[in-house]
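Notes for the one structure printed next.
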Protein chains: 2
Amino acid sequence: METRELRYFVAVAEEQHVGRAADRLGMAQPPLSRAIAQLERRLGAELFVRTPRGMALTTAGETLLREGRVALAAVEAAERRTRRTVESADRPSIVLTAKAGASSELMAKLLDAYAAEPDAVAVDVLLSAPGHQAPMLRDGRADVAILHQPFDDLSGFDTEALSVEDQVLILPAGHPATARHSMSVAEARSIPDLPLPRWPHLDGSYPDGPGPELRDLTQVLQLVRLGRTALVLPESAQANLRDGLAVVHLTDAPPVTTVIAWPPHSTSTGVAGLVRTAGRL
Amino acid sequence: METRELRYFVAVAEEQHVGRAADRLGMAQPPLSRAIAQLERRLGAELFVRTPRGMALTTAGETLLREGRVALAAVEAAERRTRRTVESADRPSIVLTAKAGASSELMAKLLDAYAAEPDAVAVDVLLSAPGHQAPMLRDGRADVAILHQPFDDLSGFDTEALSVEDQVLILPAGHPATARHSMSVAEARSIPDLPLPRWPHLDGSYPDGPGPELRDLTQVLQLVRLGRTALVLPESAQANLRDGLAVVHLTDAPPVTTVIAWPPHSTSTGVAGLVRTAGRL
DNA sequence: CTGCCGCCATACCTGTCCGGTATCGGCCTC
DNA sequence: GAGGCCGATACCGGACAGGTATGGCGGCAG
């Protein structure tokens with residue numbers, strides 16, 4: 001199986017529509033149809049059922065989508081890491097990716113401590129939306145990542161835990177619910193006039209629901225102050241809060257573990273040094 | 001990058017010789033030369049230095065070999081698992097791989113216990129040479145594996161430990177060293193008339209050294225009885241020993257952890273059931 | 001020092017197959 | 001029942017993979 005075929009398949013599987021997938025791939029529809037049919041013949045597997053509305057994945061197709069995505073990421077990682085080996089041959093550097101906005105305190109401490117190491121190399125920090133860090137590590141855009149259990153998928157990485165913290169509910173100051181010292185997540189969800197915001201999926205789309213679409217944390221905090229929404233955050237985020245907000249402890253929210261993660265078999269001394277430094281914090 | 005290019009590159013990197021690699025790939029030498037040159041151009045990286053003896057990997061080449069192997073295994077896994085999804089659609093089954101010869105007691109217990117489960121599926125057992133289990137899990141030839149720390153590379157798998165045991169030295173009965181109750185690995189290595197056997201690499205070749213080449217465990221045990229070699233084994237292997245052998249405890253050999261491992265994101269209920277059963281043993 | 005050998009690169013040709021346009025056939029909708 | 005949407009088929013041209021023949025270059029033996 002060639003990566004080209006795999007890319008075609010993933011596009012069709014994601015769009016559930018040959019025409020749109022062809023569009024996305026920058027090619028015409030017929031060759032894509034043919035490529036999919038040929039892939040099915042070669043694999044001896046029906047990957048899609050053709051419906052009047054488009055293409056729906058079969059069980060075999062779901063398997064190929066799941067496994068194919070990690071395979072494609074691995075190929076991309078091989079390519080990118082090879083390129084970077086050349087680019088950074090003279091000036092070694094590593095790419096660290098982390099969630100934009102959060103854990104800035106931890107990051108600052110880590111970067112400072114690492115920069116003081118004798119064999120430190122340059123660290124390029126790549127901040128991005130929540131949930132994008134693990135994919136970046138998987139496809140080679142990053143060399144190390146700060147990830148968060150249980151939100152990120154850590155499978156396939158070597159990791160080292162850095163901290164564990166509980167989550168709290170952020171409310172508008174003066175809201176009746178602030179009278180409570182603690183509550184359950186179910187209770188927090190069902191406060192009638194404060195729907196929790198919706199986080200974007202990896203593709204940028206949002207789930208259905210009443211809450212506001214969360215794009216920028218400070219803007220959402222402003223919405224909280226205005227009494228339009230509430231927010232569940234790790235405790236450490238409290239440090240950055242300004243006036244107009246109240247905090248209620250959550251009894252049954254899962255604790256958040258912050259970890260540093262890197263691809264196995266990494267030979268980078270920079271990555272090793274950064275991990276060692278992180279472990280000493 | 002296409003998987004074809006990657007396969008070509010890996011062949012050349014392993015053979016360090018374009019002609020032999022072309023041979024292995026069943027093609028002529030010139031197109032392979034050209035494909036490698038083209039790959040280097042597209043990656044913007046010198047992958048090999050051309051020597052009068054053949055091709056030697058550069059640093060970038062080593063990166064691509066390491067990462068490319070796991071990428072190729074992932075692509076193969078995607079293909080194989082998709083095929084198996086179809087084949088075993090009517091009669092679900094899973095492939096369990098384990099080291100031939102060892103842990104037979106554990107395996108028997110596990111398979112018996114699992115077969116007694118209400119939702120058990122058929123288990124095809126795939127016995128193979130030591131060290132081959134992890135690759136089989138990586139490229140989709142197996143769905144679950146019994147692996148051994150620290151010998152197998154567990155990276156990228158989900159695992160659950162089943163047992164931990166120390167290693168012991170197996171000697172010919174009556175050998176002077178049997179007077180000792182325990183010794184270090186270094187001492188065991190330096191018993192003058194008993195060189196330890198050599199284990200094969202993954203490709204079937206053997207490291208240099210004085211000891212006999214280990215192919216079949218029972219044959220090597222015969223060699224031990226004849227006073228020609230000694231052997232380091234996990235304790236549990238003692239159960240299968242016959243007469244003519246003596247056991248000395250090793251003080252500093254690393255303990256061997258037997259684990260059950262499976263690929264992350266596995267959706268197989270059979271794998272889940274087997275893992276659950278193993279955890280209860 | 002020279003000729004030969006081993007190894008990779010280049011030149012050139014051929015066939016395959018990828019991708020494009022045009023069009024068909026089925027199904028749902030209005 | 002007509003039109004629209006969607007995937008499949010037919011057919012064509014060009015790019016490129018792979019084959020054979022040969023060149024270039026360094027090492028080594030005589």
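Bear in mind the structure is a predicted one, so any value in this text is a computation, not a measurement. FYI, side chains are in, hydrogens and waters are out, and symmetry mates aren't considered; it's all heavy atoms of this structure. In what follows, chains carry the letters A, B, and so on, assigned in the order in which the sequence lines appear, proteins first and then strands, with residues in each chain numbered from 1.
Shown here for A:S93 and A:D124, the closest heavy-atom pair between the two residues is OG-OD2, 3.9 Å. Nearest heavy-atom pair, B:T229 versus B:P195, reported as atom, atom and distance to 0.1 Å: OG1-O, 2.7 Å.
Proximity of B:S33 to the phosphate of C:dC8: no side-chain N or O atom is located under 4.0 Å from OP1 or OP2.
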B:V232 vs B:V185, side chain to side chain contact (heavy atoms under 4.5 Å, CB included): CA-CA, chis, key distance, verdict: CA-CA 9 Å; B:V232 175; B:V185 174; 5.8 Å; no
Let's go through B:R84 and B:D143 carefully: what are the C-alpha distance in whole Å and the side-chain angles of both, what is the deciding distance for side chain to side chain contact (heavy atoms under 4.5 Å, CB included) to 0.1 Å, and is it a yes or a no? CA-CA 10 Å; B:R84 285 206 79 240; B:D143 303 307; 2.8 Å; yes
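Atom-to-atom, CD of A:E2 to P of C:dC17 comes out at 12 Å; the value is rounded to the nearest Å. To the nearest angstrom, P of C:dT10 lies 14 Å from CD1 of B:I36. As a whole-Å value, the separation of A:L39 CG from C:dG19 P is 13 Å. Rounded to a whole Å, the CG atom of A:L32 is 14 Å from the P atom of C:dT21.
Side-chain polar atoms of B:T3 and B:R7 form a donor-acceptor pair below 3.5 angstrom. Donor-acceptor pairing under 3.5 Å is lacking for the side chains of B:T97 and B:R141. With hydrogens and angles left out, the side-chain atoms of B:E67 and B:T63 include no donor and acceptor closer than 3.5 Å.
More than 12 non-hydrogen atoms from other residues, nucleotides or ligands lie less than 6.0 angstrom from CD of A:E117.
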Within the sub-3.5 Å range, which N or O atoms of nucleotides 2-6 of chain D have a protein N or O partner, and how far apart are they?
residue: D:dC6; atom: OP1; partner: A:H17; partner atom: NE2; Å: 3.2
residue: D:dC6; atom: O5'; partner: A:H17; partner atom: NE2; Å: 3.2

How would nucleotides 14-21 of chain D be written as a contact map, 5' to 3', with B for base contact, S for sugar-phosphate-only contact and - for no contact, using protein heavy atoms under 4.0 Å? ---BBBBB
